Amino acid sequence: MAREFQRGHKAKISDLTPGTDLYVGVQIAAPGLTFDISCFGLDAHEQLSDDRYFIFFNQPKSPEESIQLLGAQSGDTESFRVTLDRIPAAIQKLSFTATLDGSGQMSQIGPGYIRIVAGGEEVVRYAFTGSEFTTERAVMLGDFYLKDVWRFAAVGQGFDGGLDALLKNFGGEVAEEEAPPAAAPAAAPGFAPPAQAAAPPAFGAPPAAQAPQPAPSFGAPPTPSPAPQQPMHAAPTIAAPLAPQTPQAPQAPSPYGQPQQPQFGQVPGQGAPPAPPFGQQAPAPYGQPVPAPYGQQPPMGMPPGVPQGMPQGVPATGAGLQAALQPYKETATGQRWTPQNQQLMRVDLTMGGSGVLARQGSMVMYQGKVDFGYKSAGFVGRAVGNATGQEMQLMRCTGRGQVFLAEEGSHLHPIELQGDAICVSAESVLAFDESLQYEVRRVEGHGIPGGALFTMQFQGTGTVIVKTHGTPVVLPVTPTTFADCNAVVAWSAASQVIVSTQVRLRRNAYPGHSGETVNLQFRGAPGNFIVVQPYEV
């Protein structure tokens, strides 16, 4: 029996079927609309680094045929064959998308689905409707992604723009951005009578018909028609003087009644050149260098008056508001949690079906219909939090929209749990999925002030956002791994934590100490880890 997935649900392929040769079917339709259904083969950075793994109607299969486009069949609008054990190691994710070809928007679509069939039997299906979207022109339906093993995620994330915008989001190149090919050198002209010998065209006669242009291929812009050649001698010919003639600087007027003395190179009897506009410098006399503008000095090593080649105030590369803001554009990957940069995290509440618990006051902006409510810890929770120092003042975020979270410029790191557990100090937690279970855990130790160290343990399926001061380092746990209890941020819950002290009786007999008297020693099986930040609380 097929499993029904909701948006945001994930599962291992091995939990769905033991097979690796799978059929993926997509059903999407709307009256009067046409759809392009594609598969993007992405690398570890979720980029289309090899365009041979962009599978669509013009490229129906990958080089080793691990991904094949099969066409419409069995009631599906489009279908694929995916052989997971033949996909090369460089491909870490397969994203199945649907985009509109022409006008329209995704809110107009009827009920649709993406499904996986193994051995002729449907094993999983994710259904969606147009009511889940608004003005989007593309939708990311589902992903196969490699995380130790191949997994499937129901995405259902709308995307503004069409196939070209989606291709740019994955780092691909659109044909319209390609440089035009260099023009072939023109052949030497043959014998022909001069143009004057041809009869002039009649008044109002249409221009000569051009050869029809071929239809553009998919994704390529229409070939622009060549600009009409300007007829020879249609524009007046401008001849440059043999030597530059610069206007002369104005002289002070002669006393009344005395003739004006001509300047060097000026014909007697001619008036002086007009004065320059207000605020502009008069040109230098002929043969003399142009002085630098007022208050400015020529660059080092350049003589005064030499032009610099570019006006001041003009940027060297690109201009315009859009070019300046492009590096800071919102990042949409179709996942529930998406880092926008090192200090800003976006959570999409429309995915996952559950709310998010975040530190109070950490919301910096949001889009959509989002409700913020106070999350009470209860009397027992407040008492435990006050006694252990692991109290978290939380708010509950629910609704349909996107919430952006940050706090004091801390670096943010999403940690996805798949049934495992992690220990994190409450001070280092920014937000987490409400589906996770959390509790206070005690680490015994006589050398720690207060007699014990407390931390929060998160367990289950979901994501916890950990914040650090600066970029942390992750170390594997070995019998000789030690960390300062004020610098450690998190560790795997299966690690054994032992308090280590360097206090000695002989050292206590002398005043002062190193300040590194109490540390935590971590032990555990291979695969355990600790996260340490370059900062002490």
Side-chain angles (χ1 to χ4, degrees), residues 7-10 153 157 330-378 381-382 385 389-441 454-472 474 489-493 531 533 535 537:
R7 179 187 293 181
H9 280 187
K10 305 174 183 179
Q157 175 65 39
E330 177 187 1
T331 302
T333 61
Q335 302 294 332
R336 179 173 170 85
W337 296 90
T338 305
Q340 302 300 298
N341 51 52
Q342 289 185 331
Q343 293 89 16
L344 186 64
M345 182 69 60
R346 189 191 80 162
V347 54
D348 192 344
L349 299 178
T350 60
M351 303 178 63
S354 61
V356 168
L357 298 179
R359 188 177 294 274
Q360 291 182 10
S362 61
M363 185 275 294
V364 295
M365 61 181 173
Y366 70 93
Q367 295 175 317
K369 297 181 179 180
V370 181
D371 295 327
F372 299 94
Y374 172 71
K375 172 61 177 177
S376 175
R382 289 196 302 269
Q390 298 298 310
E391 182 180 9
M392 294 186 295
Q393 300 292 335
L394 300 175
M395 63 178 178
R396 188 169 185 263
C397 309
T398 57
R400 297 184 62 84
Q402 297 80 36
V403 181
F404 295 79
L405 304 171
E407 187 175 70
E408 298 180 351
S410 299
H411 288 206
L412 305 180
H413 313 275
I415 299 178
E416 183 180 356
L417 302 179
Q418 294 285 348
D420 41 359
I422 188 172
C423 294
V424 187
S425 173
E427 182 64 26
S428 301
V429 176
L430 178 72
F432 55 93
D433 285 323
E434 195 174 16
S435 58
L436 291 176
Q437 302 173 2
Y438 59 98
E439 61 181 356
V440 178
R441 182 178 176 181
F454 296 92
T455 186
M456 299 295 299
Q457 177 174 305
F458 294 85
Q459 187 173 8
T461 301
T463 302
V464 56
I465 308 300
V466 176
K467 59 189 185 76
T468 63
H469 293 273
T471 304
V474 179
V489 176
W491 63 84
S492 52
V531 182
Q533 64 185 358
Y535 180 88
V537 179

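Because the structure is predicted, anything quoted here is derived from the model rather than measured.
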Pairwise distance [atom1]([X]) to [atom2]([Y]) - rounded to 0.5 angstrom:
X: Met351; Y: Thr338; atom1: CE; atom2: OG1; value: 8.0 Å
X: Gln342; Y: Leu412; atom1: CD; atom2: CG; value: 9.5 Å
X: Leu430; Y: Thr468; atom1: CG; atom2: OG1; value: 11.0 Å
X: Thr350; Y: Gln157; atom1: OG1; atom2: CD; value: 5.5 Å

Contact summary for [X] and [Y], nearest pair of heavy atoms:
X: Val356; Y: Ala431; answer: CG1-CB, 4.3 Å
X: Gln457; Y: Ala493; answer: OE1-CB, 4.1 Å
X: Val403; Y: Leu349; answer: CG2-CD1, 3.9 Å
X: Ile422; Y: Ile415; answer: CD1-CD1, 3.8 Å
X: Arg336; Y: Ser354; answer: NH2-O, 2.9 Å

By side chain to side chain donor-acceptor pair (under 3.5 Å), which residues pair with [X], not counting sequence neighbours?
X: Gln393; answer: Glu391
X: Gln459; answer: none
X: Gln335; answer: Asp143
X: Gln402; answer: Asp348

Quick check against the 3.5 Å criterion: does [X] have a side-chain atom that pairs as donor or acceptor with the backbone of [Y]?
X: Thr461; Y: Ser435; value: no
X: Asp433; Y: Thr463; value: yes
X: Asn341; Y: Leu344; value: yes

What residues, two or more places apart in sequence or in another chain, satisfy side chain to side chain contact (heavy atoms under 4.5 Å, CB included) together with [X]?
X: Ser428; value: Val424, Ser425, Val466, Val489
X: Pro339; value: Met345, Pro414
X: Arg396; value: Leu357, Thr398, Glu434

With sequence neighbours left out, write down each residue that passes salt bridge (Lys or Arg N to Asp or Glu O under 4.0 Å) with Glu416, or none if nothing qualifies.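 Glu416 satisfies salt bridge (Lys or Arg N to Asp or Glu O under 4.0 Å) with Lys10, Lys147 only.
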Who passes salt bridge (Lys or Arg N to Asp or Glu O under 4.0 Å) against Lys375, sequence neighbours left out?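 Lys375 satisfies salt bridge (Lys or Arg N to Asp or Glu O under 4.0 Å) with no residue once adjacent residues are dropped.
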Would you mind listing every side-chain hydrogen bond (donor to acceptor under 3.5 Å, both in side chains) that reaches into residues 359-370, with sequence neighbours excluded?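 Every pair satisfying side-chain hydrogen bond (donor to acceptor under 3.5 Å, both in side chains) with a residue in residues 359-370: there are none.
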Taking everything shown except Gln418 itself, do over 12 heavy atoms lie less than 6.0 Å from its CD?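 Yes.
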Here's a test for you: under side-chain contact (heavy atoms from CB on, under 4.5 Å), which of Cys423, Ser492, Pro472 qualifies with Val531?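 Going through the options one by one, the only one that passes is Pro472.
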Within residues 390-437 or reaching into it, pairs that qualify as ring-ring contact (aromatic ring centres under 6.0 Å, His included) - sequence neighbours excluded: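 Output for this query lists Phe432-Tyr438, Phe432-Phe458.
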What ring-ring contact (aromatic ring centres under 6.0 Å, His included) pairs are there with at least one residue in residues 335-356, not counting sequence neighbours?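 The answer is none; no pair qualifies.
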